[in-house]
Amino acid sequence: MSNNKLFGRAGLSALGVFIYVCLVSLILNNGQKIFGSTTNNILGPMIFLMLFVFSALITGFLIIGKPIMLYLDGLKKESIKLLFYTGLNLLILLLIVFLFLFLTK
């Protein structure tokens with residue numbers, strides 16, 4: 001795989017994580033409106049922990065799924081590059097969000 005293709009794949013993975021985090025944030029921010037109050041029973045903490053575990057699965061798949069497949073196929077350098085590029089893309093997205101928050105404050 002070329003570096004451009006790896007960087008594009010990493011960008012898509014990072015964008016997928018970003019969109020997923022945005023959706024989960026919207027749900028958590030509006031949880032009481034959507035689900036009502038769950039503070040008096042076990043369902044609130046249970047749902048939160050299940051969402052946490054599910055989020056680890058989704059983000060783990062998006063971030064390290066393809067690098068693991070590349071590594072197992074013997075493309076070790078490409079695997080490391082893809083993982084690095086994905087982290088770099090996530091950092092860029094995080095900086096964009098921080099910049100947006102700073103400029104709209």
Side-chain angles (χ1 to χ4, degrees):
M1 283 183 130
S2 69
N3 281 342
N4 289 338
K5 191 171 182 180
L6 285 173
F7 199 77
R9 172 85 181 176
L12 288 175
S13 294
L15 188 61
V17 170
F18 180 76
I19 291 169
Y20 178 74
V21 167
C22 289
L23 291 174
V24 170
S25 296
L26 282 171
I27 291 171
L28 290 176
N29 198 35
N30 297 304
Q32 195 165 8
K33 294 176 195 172
I34 298 170
F35 304 111
S37 178
T38 57
T39 56
N40 296 332
N41 58 34
I42 195 170
L43 289 177
M46 203 167 88
I47 290 170
F48 180 78
L49 288 172
M50 288 299 292
L51 179 62
F52 180 73
V53 170
F54 183 72
S55 293
L57 173 73
I58 296 298
T59 56
F61 174 76
L62 288 170
I63 293 172
I64 65 169
K66 186 64 175 177
I68 287 175
M69 289 172 54
L70 289 172
Y71 189 85
L72 293 175
D73 287 341
L75 301 170
K76 295 177 182 178
K77 287 183 182 180
E78 289 84 353
S79 171
I80 298 300
K81 283 181 183 179
L82 181 58
L83 191 57
F84 175 77
Y85 290 158
T86 303
L88 183 63
N89 276 295
L90 282 170
L91 178 63
I92 290 167
L93 287 171
L94 179 64
L95 293 174
I96 290 170
V97 170
F98 280 148
L99 183 64
F100 175 77
L101 287 173
F102 178 74
L103 293 175
T104 59
K105 185 177 176 184

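Note that these values count all heavy atoms, side chains included, but never hydrogens, waters or copies made by symmetry.
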Original post:
Could you give the distance from OG1 (Thr86) to CZ (Phe7), rounded to the nearest 0.5 Å?
Top reply: 9.0 Å
Could you pull out all donor-acceptor pairs under 3.5 Å where a side-chain atom in residues 55-83 meets a protein atom, sequence neighbours excluded?
from  : atom 1 : to    : atom 2 : distance (Å)
Ser55 : OG     : Tyr20 : OH     : 2.8
Ser55 : OG     : Leu51 : O      : 2.8
Thr59 : OG1    : Ser55 : O      : 2.7
Ser79 : OG     : Pro67 : O      : 2.7
Lys81 : NZ     : Asn3  : OD1    : 3.3

Original post:
If Ile, Leu, Val, Met, Phe, Trp and Tyr residues are connected whenever their side-chain heavy atoms lie under 4.5 Å apart, and connections chain through other members, are Val24 and Val21 in the same group?
Top reply: yes
Original post:
With no hydrogens and no angle check, is any side-chain donor or acceptor of Asn29 less than 3.5 Å from a backbone partner on Ser25?
Top reply: no
Subject >> ILVMFWY network linking Leu93 to Phe84, side-chain heavy atoms under 4.5 angstrom >> reply: no
Subject >> Same cluster (ILVMFWY, side-chain, under 4.5 Å), Phe54 and Val17 >> reply: yes
Original post:
For Ile96, which of Ile92, Leu99, Leu94 qualifies under side chain to side chain contact (heavy atoms under 4.5 Å, CB included)?
Top reply: Ile92
Original post:
Step by step, would you call Phe18 with Asn89 a side-chain contact (heavy atoms from CB on, under 4.5 Å)?
Top reply: CA-CA 10 Å; Phe18 180 76; Asn89 276 295; over 6 Å; no
Original post:
So Ile19 and Leu15, side-chain contact (heavy atoms from CB on, under 4.5 Å) or not? Walk me through it.
Top reply: CA-CA 6 Å; Ile19 291 169; Leu15 188 61; 4.0 Å; yes
Subject >> Gap separating the CG atom of Leu103 from the CZ atom of Phe98, nearest 0.5 angstrom >> reply: 13.5 Å
